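Just so we're on the same page: letters track the sequence lines, and every chain starts at 1. Every value quoted in this text rests on a predicted model; they were computed, and no experiment measured them.
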Protein chains: 2
Amino acid sequence: MNAPSRRKFRREGEERRRQDLIDATLDSVAEHGLGGATLRTIALRAGVTAGLIRHYFPGKEDLLQEAYAALMGRMTEQAKAALAMEDASPRQRLAAFVTANLNAPIIDQRVFSLWATFIGRAGAYPTLARAHSEGYLGFRNEVEALVAEVLAAERRKPDPAELRHHAIAINAIIDGLWIEGCLAGEMFSPGELAAIGVKTVEAELGLGPETGGNQ
Amino acid sequence: MNAPSRRKFRREGEERRRQDLIDATLDSVAEHGLGGATLRTIALRAGVTAGLIRHYFPGKEDLLQEAYAALMGRMTEQAKAALAMEDASPRQRLAAFVTANLNAPIIDQRVFSLWATFIGRAGAYPTLARAHSEGYLGFRNEVEALVAEVLAAERRKPDPAELRHHAIAINAIIDGLWIEGCLAGEMFSPGELAAIGVKTVEAELGLGPETGGNQ
DNA sequence: GGCGTTGTTGTGCAAGTGTATAAATAGCCC
DNA sequence: GGGCTATTTATACACTTGCACAACAACGCC
């Protein structure tokens, strides 16, 4: 008989399906690149058939767009989570922030691949460039605020330009070390990048070696 | 009549054709991404027909591989060219090196797009990851040598681990600022990134403000 | 000048692409 | 339990892709 049996399926909630499809998209892009992430590949990974995608997204372009937005959202969310620590000296919080950004899960080859793949198209898609700028500025402002606290605690009164330069530099230090950690993590011993990051950032701010402190 | 006239063509030297095809490939990748760079697009840009590519490269994969190698070659060549300055103090040479790496033509959106697009696939193609590591290490070794000279001139005797950390940090500073300059150059005033870079690098090395000097 | 070599063109093809749409069925309401 | 509806499958289609190959013509050699 071989009745042309159709595949069984379950109806999922809309939000759940969209998330699954976006996750499958990011997985596919990370694995096969932007060009290699086909609707069929994505659908397969999400456990549905390709046609379904059209039911949730007007076209492939839109799916990729939303996937990128989701990626950026998670990245900034994680980065900001590293700022949480409440009761600690500004200097300790800064060190903790740098350290968090230079260890798993932020140091992660898959996320880096995704970031590079998407940002590589920023030249052609101003949308991506703008998304980057916004994320970057958000991150930098957080850094700047933290730097202001640190310097205030040291009784120093930096002018705005100085503050801005510090934030730009610290951001660059974190970004540069992040890239190396993601691309060639095995080249560094565990914690080495974070240690270098903290030391470099403190040097940039002109903080002397940690005094036994104010406890 | 309309004789099915064939297109006129010229026979080019092998090396010339290969270079043209590689350049056309890089242009196509920069413009359309890895997936959008089709053999026909590349051939069009190179001023030949698609079939010819097969005469010079076994397959598309090989062409892309060679194009990436060419890109890396040019990047490291440019970066090292910034080290040329012969008669100058080590500290001045370091500053010149940093400055050169944070201005055109090294700060360039097209080159950045290419770099990001290719490196985004490093997770899947170990060849790319290895090429990056080699380029990175080469660059870092240059930095390390320069740092050694600078510190020697300051009569400081750093141990190897210290030297290594300085090189990693300085490399990260340059990379991080390079990315921002390429992605959002209009966010910074001309020369600002270079100025920040030099200042941050000198802080990292613990160099005091420039003394009137030894002249 | 003719001729052979081979760089170059043009066409063909199977596989895979995104999109459109019809058919089916899972799950909710009564 | 029996329909209703909208999620999901499945198929079709026009198009593009990388690659193969046969025909052609530019150029060096005699």
Whole-Å distance, A:Ile42 CD1 to C:dG16 C1', equals 14 Å
> Do B:Ser89 and B:Gln92 have a side chain donor and acceptor closer than 3.5 Å?
Replying inline: yes
(request) For B:Glu14, report the nucleic acid contact type (base, sugar-phosphate, nothing); a contact means any heavy atom under 4.0 Å. (result) nothing
Checking C:dT25, C:dT19, C:dT6 against the side chain of B:His55 (C-beta onward), the nearest is C:dT6
From CD of B:Glu12 across to P of D:dG28 the rounded distance in Å is 12 Å
request  = Output yes when at least one side-chain N/O atom of B:Thr49 is less than 4.0 Å from OP1 or OP2 of C:dG10, else no.
outcome  = no
* Asked: Does a donor on one side chain sit under 3.5 Å from an acceptor on the other, for A:Thr38 and A:Thr41?
  -> yes
Picking from C:dG7, D:dA23, D:dT7, the nucleotide nearest the side-chain atoms of B:Arg6 would be D:dA23
Of the candidates C:dG18, C:dT9, D:dT8, the side chain of B:Phe9 sits closest to C:dT9
Separation of D:dT17 atom C1' from B:Leu44 atom CG, nearest Å, is 16 Å
In whole angstroms, the gap separating P of D:dT17 from CG of B:Leu63 amounts to 15 Å
Testing C:dT19, C:dT9, C:dT25 for proximity to the side chain of B:Leu52, the answer is C:dT9
With respect to the phosphate group of D:dA20, does any side-chain polar atom (N or O) of B:Arg54 fall under 4.0 Å of OP1 or OP2?
yes
In whole angstroms, the gap separating P of D:dT7 from CZ of A:Arg16 amounts to 16 Å
Would you please indicate if the ring centroids of A:Phe118 and A:Phe112 are separated by under 6.0 Å?
no
Of C:dT9, D:dT8, D:dT17, the nucleotide closest to the side chain of B:Thr38 is D:dT17
Item checked: Short side-chain N/O contact to D:dT7 OP1/OP2 from A:Tyr56, under 4.0 Å -> no
Taken to the nearest whole Å, CD1/A:Ile53 to C1'/D:dA10 is 15 Å
Quiz item: Within a strict 4.5 Å, meaning less than it, do heavy atoms of the B:Asp62 and B:Glu66 side chains meet?
Solution: no
Notebook entry, point to check: Would you say A:Arg17 reaches D:dT8's phosphate, i.e. side-chain N/O to OP1/OP2 under 4.0 Å?
Noted result: yes
Correct closest heavy-atom pair for B:Val98 and B:Val198 would be CG1-N, 3.8 Å
Record whether the side chain of A:Arg7 comes under 3.5 Å of the base of D:dT9 through a donor-acceptor pair of N or O atoms.
-> no
(Q) Tell me if the side-chain of A:Arg40 makes a donor-acceptor pair with the base of C:dG16, cut-off 3.5 Å, by modelled atom types. (A) no
From CZ of A:Arg18 across to P of D:dT7 the rounded distance in Å is 12 Å
Ranking B:Arg10 and B:Glu61 by the position along DNA chain D of their nearest nucleotide, the one closer to 5' is B:Glu61
For the residue pair A:Glu204 / A:His166, report whether a side-chain donor-acceptor contact shorter than 3.5 Å exists. yes
Whole-Å distance, A:His32 NE2 to D:dT17 P, equals 20 Å
